[in-house]
Amino acid sequence: MNINGIELKQIRENLWEIPQINGMRVPGRIYISREMLESTLSEDEALKQVMNVAHLPGIEKYSLAMPDIHWGYGFPIGGVAATNLDEGVISPGGVGYDINCGVRLATTSLTLEEIQPKLEPLITKLFQNIPTGVGASGAIKKLSKSDLKKILEKGSVWAVENNLGTQSDIQFTEESGTLKNADFSVVSERALERGADQAGTLGSGNHFLEVDVVEEIYEPKVAEVFGLFKGQVVIQIHTGSRGLGYQVCDDYLKVLLKASEKYGFKLPDKQLACAPIKSQEGQAYLAAMQAAANFAWNNRQVIMHLAKKSFLETFDMKESDLGFHLVYDVCHNIAKIEKHQIGNVIKEVCVHRKGATRAFPPGSEMIPEKYKSVGQPVLIPGDMGRYSYVAVGTEKAMEETFGSSCHGAGRNLSRHKAMKEAKGRDLVSELKKKGVIIQAKGYKTIAEEMPAAYKDVADVVDVMHKEGITRKVAKLKPVGVIKG
DNA sequence: ATGTCC
């Protein structure tokens with residue numbers, strides 16, 4: 001098969017390989033259906049980016065991409081690349097501007113019937129309590145420098161210490177909400193300024209807080225372990241590290257661009273700027289990125305606390321009756337030092353996941369005790385009109401994708417095309433007819449994020465399911481959403 | 001994604 005001048009070899013029904021040519025150190029591998037490959041990648045630079053990533057020093061096994069692959073800064077979004085710690089590099093392009101962008105899912109004990117009479121006031125309350133949009137601020141008091149330092153070094157543990165969460169919230173957050181080697185001192189003053197009033201804010205674009213109903217259960221036993229039942233009201237929060245993470249990425253792209261020259265790397269794209277993980281520049285970026293990741297976990301934690309408060313106020317309930325529990329919090333834009341089997345040896349590698357979700361298997365030491373019998377919850381949001389999925393990690397993901405899966409639907413229309421498509425329509429009423437109440441800062445975001453702007457997330461999730469990388473556990477249907 | 005240009 002030839003796409004956009006790139007020759008692909010079919011390995012399995014939904015797995016394609018780009019052979020190792022020219023300066024590539026490893027082959028490329030893309031998990032995708034033939035249909036999606038032809039329809040979405042024929043005019044896209046993303047496959048070329050999979051090949052470019054394969055040039056990175058120290059890359060192991062494959063330059064990988066998930067079915068929601070699309071063009072990104074340097075690396076494709078939906079890309080996964082692991083580099084070894086000896087000669088391998090770390091690259092901000094492999095993480096993205098929104099460091100530790102991620103999703104969390106929390107349960108309630110309520111059903112749709114129970115919340116329906118007060119659904120509109122609930123969405124209004126959520127919209128009032130959680131600042132949304134570009135430049136949104138002021139969810140909690142402006143942070144002092146010592147509080148910011150604690151957040152960057154302790155992540156969502158800070159929120160729990162400040163009565164904005166529970167011990168259980170920490171337990172059910174990836175990495176327990178803290179990357180321990182994070183270093184406040186390598187984060188610029190400007191990044192700190194941007195973050196000072198942004199803890200507990202949602203942001204813009206595809207970020208959202210959604211009220212969903214569990215519409216379908218595929219694996220009852222796994223769903224039960226995750227605390228999910230059919231008809232249950234749950235919430236999803238999708239956001240990242242806001243201006244602070246953006247600034248960290250921006251600052252270190254400059255540092256690593258210089259480092260790429262210093263270390264004499266010949267890279268096919270400047271946007272792959274990187275440094276050896278062991279180098280001073282690589283270590284500084286890693287520590288700053290981890291600090292931004294901690295900021296993002298704390299951000300999602302504070303937002304979740306405000307959401308819980310909104311539920312309690314709207315339904316005039318006691319906390320003990322609400323059944324509010326965090327199922328899991330996953331990041332999908334991050335580089336992590338993890339142990340993986342490479343050939344016959346277990347090696348420590350730096351796994352770049354850019355628009356890819358960790359998907360660890362049953363028995364993994366890195367997942368909560370409660371989930372060890374079934375595997376890690378993998379949260380895959382779709383668009384605001386259709387549905388989202390909860391899946392579970394597998395051993396095959398460890399063998400083939402460094403324990404990774406897809407992270408969302410991926411765009412179908414550019415923002416510009418979506419705006420054109422939305423012109424003259426009343427998307428708020430259209431969504432209401434579908435049973436979704438929406439409140440957003442501006443109509444522009446609603447238009448750019450309209451359901452038709454996204455691919456069907458079911459197609460994306462099915463690729464990973466059919467290839468055995470993650471298995472479907474539950475489908476969630478949106479009933480209310482707030483956006484920037 | 002992003003105080004959508006320091």
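Chain naming here is simple, since letters A, B, ... match the order of the sequence lines and numbering starts at 1 in each.
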A:Asn100 atom CG is separated from B:dT2 atom P, nearest whole Å, by 13 Å
Would you kindly give the CD1-to-C1' distance between A:Ile77 and B:dT2, to the nearest whole Å? 13 Å
Contact class for A:Ser241 (heavy atom, under 4.0 Å): base, sugar-phosphate, or nothing? nothing
Can a cation-pi geometry be assigned to A:Arg104 and A:Tyr328, taking NZ or CZ under 6.0 Å from the six-membered ring centre and within 45° of the ring axis? no
Taking any heavy-atom pair under 4.0 Å as a contact, classify A:Gly243: base, sugar-phosphate, or nothing. sugar-phosphate
Provide, to the nearest angstrom, the distance between the CZ atom belonging to A:Arg242 and the C1' atom belonging to B:dT2. 8 Å
In whole angstrom, what separates A:Tyr97's OH from B:dC5's P? 11 Å
Expressed in angstrom and rounded to an integer, what is the separation of A:Lys441 atom NZ from B:dT2 atom P? 12 Å
Has A:Lys483 got its NZ or CZ under 6.0 Å from the middle of the six-membered ring of A:Phe208, at an angle within 45 degrees of the ring axis? no
Please report, rounded to the nearest Å, how far the P atom of B:dT4 is from the CG atom of A:Asp250. 12 Å
Take atom CD1 of A:Ile99 and atom P of B:dT2, then tell me their distance rounded to the nearest Å. 12 Å
Please set out all donor-acceptor pairs under 3.5 angstrom arising from side-chain atoms of residues 435-442 of chain A, sequence neighbours excluded.
residue  : atom : partner  : partner atom : Å
A:Gln439 : NE2  : A:Thr124 : OG1          : 2.7
A:Lys441 : NZ   : A:Thr132 : O            : 2.8

Tell me what A:Gln198 touches on the nucleic acid: a base, only sugar-phosphate, or nothing, going by heavy atoms under 4.0 Å. sugar-phosphate
How many angstroms lie between atom CE of A:Met398 and atom CZ of A:Phe360, to the nearest 0.5 angstrom? 4.5 Å
From OH of A:Tyr73 over to C1' of B:dT2, roughly how many Å is that when rounded to an integer? 14 Å
